[in-house]
Amino acid sequence: YNITINEESILGKNINIHKGATIGKENRGKKLGAPKIGNNVYIGVNSTVVGKIEIGNDVLIAPNTYVNFNGSPGVIIPNEKATEGYVNFCV
């Protein structure tokens, strides 16, 4: 179980990062870049945090969670073209 942290990420103090977690860089779009994570943050097993976003202080990111946005609570916004620009070489 690897933990992957992009070298451009900024991490605060007292972060618990559990096995399988990824803190990664987005390579295109509005969120181009890596996350900035505050202090006293819990990142659960197999969680993924990507893109130029900010995770504040005293935040719990649940296991098996994918986070690519700022703000709390997360809201699902339906979008028929949600994967446009991300899924390549379609058949």
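The basis for the numbers below is simple: all heavy atoms, side chains too, and nothing from hydrogens, waters or symmetry mates.
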**Prompt:** Given Asn40 and Asn14, is the side chain to side chain donor-acceptor pair (under 3.5 Å) satisfied, shown in steps?
**Reply:** CA-CA 5 Å; Asn40 304 314; Asn14 304 314; 3.2 Å; yes
**Message:** As a quick check of understanding, evaluate side-chain contact (heavy atoms from CB on, under 4.5 Å) for Thr22 and Ile5, giving each step before the final call.
**Reply:** CA-CA 6 Å; Thr22 300; Ile5 302 174; over 6 Å; no
**Prompt:** Which is it for Val49 and Ile61 under the side-chain contact (heavy atoms from CB on, under 4.5 Å) test, yes or no, and what are the steps along the way?
**Reply:** CA-CA 9 Å; Val49 181; Ile61 298 174; 3.8 Å; yes
**Request:** Show your reasoning for whether side-chain contact (heavy atoms from CB on, under 4.5 Å) applies to Ile37 and Ile15.
**Result:** CA-CA 9 Å; Ile37 298 176; Ile15 299 177; 3.8 Å; yes
**Request:** Could you walk me through whether Ile23 and Leu11 pass the side-chain contact (heavy atoms from CB on, under 4.5 Å) test, one step at a time?
**Result:** CA-CA 10 Å; Ile23 301 171; Leu11 306 178; 4.0 Å; yes
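Between the NZ atom in Lys52 and the CD atom in Glu8 there is a gap of 10.0 Å [rounded to 0.5 Å]. Distance CD1/Ile43 to CD1/Ile17: 4.5 Å, rounded to 0.5 Å. Atoms CG and NE2, on Asn46 and His18 in that order, are 11.5 Å from each other to the nearest 0.5 Å.
For Gly44 against Ala21, the heavy-atom pair with the smallest separation is O-CB, 4.2 Å. A pairwise comparison of heavy atoms in Val50 and Tyr66 identifies CG2-OH, 3.3 Å as the closest pair.
Of the possible polar contacts, one joining the Ser47 side chain to the Ala62 backbone as a donor-acceptor pair under 3.5 Å is found. The closest donor-acceptor contact from the side chain of Asn68 to the backbone of Gly51 lies at 3.5 Å or more, if one exists at all. No donor-acceptor distance shorter than 3.5 angstrom exists from the side chain of Asn39 to the backbone of Asn57, with no hydrogens or angles considered.
A salt bridge is absent between Lys31 and Glu26; no separation between the charged side-chain nitrogens and carboxylate oxygens falls under 4.0 Å.
For the pairing with Tyr42, the side chain to side chain contact (heavy atoms under 4.5 Å, CB included) check across Asn16, Asp58, Val59 returns one residue only, Asn16.
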